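Written out below as structure tokens is the structure these notes cover.
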Amino acid sequence: MLTETNIADKNLRDEVRSWLSENWTQPKAAALTQHQPMWGASDELKSWLAEVVAARWAVPRWPSEWFGRDLSNAQAKIIEAEFAAVKAPGTGQDRTNLWANTLLAGGTEVLKSKLIGPLLKSEINMCLLYSEPNAGSDLAGIRTRADRQGDHYVVNGQKVWTSGAMTADYGMLIARTDWDVPKHLGISYFYCPMKQEGIDVRPLRQITNESHFNEVFITDAHIPVDNMLGNFNQGWKMLQTALAYERLIMGEGARGPRGGNKKAKDEEILIALAREAGVLDEPKLRQQIAQAIAYKKLNALNSARGKADIAQGESSSLMSLGKLAMSRILHEEARLRTEILGPASMLEGSDYPRAEDANFLTFNAYLTSIGGGTDQIQRNIIGERVLGLPKEPEVDKKIPFRDVRAS
Amino acid sequence: MNKLSPEERVTLRDSVHKLLTDECSENAVRTTMETSSGFDPVLWRKLAEMGIVGLIIDQPQGGAGVGPVELEMVMEEVGAALLCSPLLASGVLAAELLKALQVEDVANRLLPTIASGECIATAVLTGQSGCWTQSGVTVTAEGDASSNEWYLTGSASYVLHGQNANLLLVAANTPDGAGMFVVDAGADGIDVASLPTFDHTLRLASISFDNVAAERINTQRPVWDAVRQALDVTLVALAGEQAGAAEHCLTATVDYAKTRIQFGRAIGSFQAIKHMAADLLLETESALSAARNAAVCLADDASNATEAISLAAFACADTFVTTAATNVQMYGGIAFTWEHPAHLYLRRARANAQLFGSSDFYRERFMQQLGA
């Protein structure tokens, strides 16, 4: 029996399918499979996204005044399925575009009119200006300041761990706008123009000898008042909204290691390396390799169980465990790669690729166990939000921020 | 196999949970564990009536005929409640062994009385080495295939609930390889001695055979293949028991950490305690995932089922030991007393980690199953 919903769904599917068959042509598809730049979008991608936005497929769940169609989640998924079937990018940005979602949630009409379109078309590049050298785990302890002068704010301070800062047109910035209230209550949230004097971006050299992140030194930079998201001094709340979008996106992107079934033919890398090094018959090493592989498989099983719970409409605490699990997996795999190599792990350079891998992975594992909140902060979150244990007393929570002790 | 709907599973779990809440309280466990049999016959009868004893026995033979998924689920409850019973020995190990041997008349004769709980059966598989492989078999059978008269001689050990069993399934070396024999536990020439167990909720026995007349089960399968199948099903059940027990331990400890006040605040607010709890949550959730995955793989007859069982075997055994042991430290002094239940779980965890093979044994089997 065809209900009204069925008919509407079928019409929608027909519409998107015929649009794709007319517009998603072979040359466009071929051009987009070419190498994409690490930061920002290629011209081919931008021009395709402009077509998707104009046809209102980019953000179907959004209101019609902002490029959307006011569709339900189920209907939006029909569109996403059709795009996915022909491998066309650009739809579902109402779930996956952190910048546009945050702007829509808290931006002024002026700023939304100016930037939402370009954001959906990837015409402008973005970065995050959250962490500071003295505000890492304690993010609410930021000391970058924004002071109002007429129709703009003047910003001074230093941000760190900013990826994409070199090419960014705007940064989503948190800065202190009131020093006489407790720390969470004196922060505001901005879209900060990056291409101006007063913004100095310097690449940070990491322990891996790579440079994916930057330091951003801000000296008397200007931000128009229209670029504030959310209300004055309520930036912490806005930040929670933005972080929730970020976690949602990361959660969907975080596939983790695949389960054993799909890649049955590929030998586990630790087994292959131990075999190559001629040490696969050492009982102690075999035990440790088995345990490392087990950690990986258990994490995949937890993740699958969590997704199944969520699919059934239940909340799942399993997802909060993935980060801790992944830290342990990466550190342990790197440690075993080193153990398999033995003294050869002292070497580096292209003549010693196994040592390069083991040493790189050993250091890069900290990206997971420190980045995005340390494992110790994650344990607090699990203890407090999942297990319901009480918080530690916070000595700086209720006093004016200017009286808070700093290092 | 009788597949239950999700609703029926919830009903089954709830009814087991209710029975154990009512009849298997900590006090009841403490009383039962100090009796000589180590199980409560009244509760045993109720478990049988509810269909738990015959859970995996087929319906025509008087069982519920459900599969590993339901078995694992029920065992989570059994582990949480620290049930003292011959369930694993009789309703799982012996029952699955009889199924695995695939000799219809023997199965039809023996399984109904096991399902009803009237007969307690167990498997005699190893000696003092406690090695649950074919090389661990210590009993010898002499006789002759043409007359089918066989006599068992030798000393077996670590027989689960051997002192409570009416019926023994005995693995023995014969002139033609490993054989499986059925013998009444009261037969002439059998001497059963209870072993003193560190886990007081556990019952183990050593059994010596002196020229004991026994019936050979003339299976077409290699006997040790059937034993391995029975051990694998038993491991899934044990994994469920361990995962359920570990989860229970952590929940209880976290509850305590919310109410125990030191230095003017709940000890659970200290990161020293909180981080231990968070780490254990990763372990206990992983154990539940591993046990349930092994059950599903086994029920689906998946090609990687034995690999999944190996993973569950060592992951759940280690998790239960780690959780029960760390919990003692988290509780502090109160858990160093006999009256506190923490040690009961730690004793069970340590014993479970040895039954049917160590974690190291299953990690090595896992490696081999991965092709290494």
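So that the names make sense, note that chain A is the first sequence line, chain B the second, and so on, each numbered from 1. The structure presented is a predicted model; accordingly, all values stated were derived computationally and were not measured.
- The local environment of CD in B:Q329 is sparse, with at most 12 non-hydrogen atoms from other residues, nucleotides or ligands closer than 6.0 Å.
- Within 6.0 Å of CG in B:D301 there are 12 or fewer heavy atoms belonging to other residues, nucleotides or ligands.
- Note on B:S359, B:G268, B:S269: by heavy-atom pairs under 4.5 Å with chain A, the leading option is B:S269.
- Heavy atoms only, all atoms of each residue included: A:A294 and B:F366 are closest at N-CE2, 4.1 Å.
- With respect to chain B, the highest number of heavy-atom pairs below 4.5 Å among A:L280, A:I382, A:N380 belongs to A:N380.
- With respect to chain B, the highest number of heavy-atom pairs below 4.5 Å among A:A274, A:S320, A:A325, A:G388 belongs to A:G388.
- Not one N or O on the side chain of A:K297 forms a donor-acceptor pair closer than 3.5 Å with the backbone of B:A308.
- Here the straight-line distance linking atom NZ of A:K323 with atom CG of B:L282 works out to 13.0 Å at 0.5 Å rounding.
- For the pair A:L301/B:L311, a side-chain contact is recorded, criterion being any heavy-atom separation below 4.5 Å from C-beta on.
- The most heavy-atom pairs under 4.5 Å with chain B, out of A:L324, A:D375, A:L318, A:L298, come from A:L298.
- Residues B:R265 and A:P390 fail the side-chain proximity criterion, which asks for heavy atoms closer than 4.5 Å.
- The candidate from B:Q271, B:H275, B:M276 with the greatest count of non-hydrogen atom pairs under 4.5 Å with chain A is B:H275.
- Contact of A:R286 with chain B is made through backbone and side chain together, with heavy-atom distances under 4.5 Å.
- Counting non-hydrogen atoms of other residues, nucleotides and ligands closer than 6.0 Å to CZ of B:R9 gives a total above 12.
- Residue B:F361 places its CZ atom among more than 12 non-hydrogen atoms of other residues, nucleotides or ligands, all under 6.0 Å distant.
- Listed for the B:E285 side chain is no donor-acceptor partner under 3.5 Å among the backbone atoms of A:N302.
- Only the side chain of B:E283 comes within contact range of chain A, judged by heavy atoms closer than 4.5 Å.
- Counted within 6.0 Å of CD on B:E26, heavy atoms from surrounding residues, nucleotides or ligands total more than 12; the atom is thus considered enclosed.
- For chain B, the nearby parts of A:L387 are the backbone and the side chain; heavy atoms of each come within less than 4.5 Å.
- Closest of all the heavy-atom pairs between B:A372 and A:I271 is CB-CG2, 3.6 Å.
- With hydrogens and angles left out, the side-chain atoms of A:Q291 and B:R363 include a donor and acceptor closer than 3.5 Å.
- Applying the 6.0 Å contact sphere to NZ of B:K258 captures more than 12 heavy atoms from other residues, nucleotides or ligands.
- Annotation: the span from B:M367 atom CE to A:L285 atom CG amounts to 7.0 Å, rounded to 0.5 Å.
- Of all the listed residues (B:L250, B:D360, B:V254, B:D318), the one sharing the greatest number of non-hydrogen pairs under 4.5 Å with chain A is B:D360.
- Interface residue B:A315: only side-chain heavy atoms are found under 4.5 Å from chain A.
- The candidate with the highest count of non-hydrogen atom pairs below 4.5 Å against chain B, out of A:R305, A:R275, A:R328, A:E384, is A:R305.
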